[in-house]
Amino acid sequence: MIRLLILGATGSIGTTALNAIRSGLCPDVSVAGITACSSPSLKTIAEEFSVPYSYLDGGNQEAIKKFIVKTNPDIVLNAISGASGLPATLAVIESGKDLALANKESVVMGGTFMLNLAKKHNVRIIPVDSEHSAIYHLLKGKKARKLIITASGGPFVDRKNLEDVTLEEALHHPTWKMGKKITIDSATLANKGLEVIEASLLFSFPPEKIDVTVHRQSIVHSMIETEEGAVYMLASPPDMTLPILLAIKGENNGLESIVRPLPFSSSLTLTFEGWDRERFPLLEIAYEALRKGGGYRIAYCRADEIAVNAFIAGRINFNDIPRIVRTVMDSPFPEKEPESYEEIIKIDNLAKERAEALC
Ligand code: NDP
Ligand code: MG
């Protein structure tokens, strides 16, 4: 039995993981414990699975470590949304537990400090984000010269004017049903920006060797191009159950029929297109953050989160999100890679202060 602790159990990823267990797709995975921030449903879920639960803020590393000791999991799924996922990730790593990582902000902000800490504690980080899950599995036994990350393009891929976008429109994703923050990030393409940074750090690829292509169907989750020029892709219907279970159980581990087969014998259209740099500047700014390094990645991630929250709260317009990130990124941050959590927090606070002043 694999004992799974879920941080952020009440959210989209947490619910998908729990549904997989409920429906018997992985009979050898049991829930060891669950956490959330404030959703009352947490208690009901804990009663259903007869497991310990805790309302833990992602920032409270010591409390998370204690809950890990109490629940003694084999693996932890970090499905917390936003930057508060980083301290939770660090707590899991310091507890020496393998980490199925959905929280991409942890990678973007934690960078090489977080990855080195994982090495030191001999902790495996298995990506859950569908693109990175695809690349992680595609790279096994192969040497790639390029990563090609797919993007659905979000709800506004064909819309010319984004000035008057409403919250409701931005929350209506064409192919995925996800939490609010990542859904808005998908509409601005900041999500793809965060994912380019995540891929660069997780797989040690420089920005010039990572491409993005708009693939509206969200069936091909990403691709790798090998030295000889062949392109390998991982395709499956858009359903996070597969990458979540692959991260928890690995390949060749008794998983059967997790997603429905693709209809190759009838009709299946897969398209790939470029992306509009003018309407979606946040993806280009992510490449810039990656090239500049260290503090700029943290600034990009935090400024975007502050702006997205302000848009959700109705304080700013949709196009103010890239404007705010652009302005924050134009202010100075340290370029060198942070070497401690304290250094990361210092840059994070600076970015937060500058972004909040613009909202
Ligand atoms: P949701 O907003 O749906 O859920 C977030 C979860 O985190 C909830 O359980 C919430 O608890 C908890 N949470 C929020 N803030 C805190 C905090 N400060 N401290 C502790 N817990 C907190 O998010 P998603 O499930 O959509 O996304 C989770 C992560 O996975 C994100 O980083 C996202 O980018 C990534 N991801 C998501 C995908 C998806 O399909 N949804 C796909 C790929 C990656 P409460 O309910 O109590 O607020
Ligand atoms: Mg993704």
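Ligands are counted one by one from 1 in listed order, and the atoms in each one are counted from 1 as well.
- Looking at K292 and E288, a side-chain N of the basic residue comes within less than 4.0 Å of a carboxylate O on the acidic one, giving a salt bridge.
- Take the N/O/S atoms of E195: the one nearest the Mg ion (ligand 2) is OE2.
- For the pair K142 and Y232, the distance from NZ or CZ to the six-membered ring centre is under 6.0 Å and the angle to the ring normal is within 45 degrees.
- For the pair K70 and F67, the cation-pi test (distance below 6.0 Å, angle within 45°) is failed.
- Ring centers of F156 and F318: under 6.0 Å apart, within the cut-off.
- In this structure, R354 forms a cation-pi arrangement with F333, its terminal cationic atom sitting closer than 6.0 Å to the ring centre and no more than 45° off the ring axis.
- The pair R216-E273 meets the salt-bridge criterion, since a charged nitrogen lies less than 4.0 angstrom from a carboxylate oxygen.
- No more than 12 heavy-atom neighbours from other residues, nucleotides or ligands sit within 6.0 angstrom of CZ on R124.
- Listed by chain and number, G8, A9, T10, G11, S12, I13, A36, C37, S38, S39, L56, D57, G58, A79, I80, S81, S84, A102, N103, K104, E105, D129, M178, G179, I182, M240 each place a non-hydrogen atom less than 4.0 angstrom from ligand 1.
- No other N/O/S atom of E131 lies as close to the Mg ion (ligand 2) as OE1 does.
- For D129, the N, O or S atom with the smallest separation from the Mg ion (ligand 2) is OD1.
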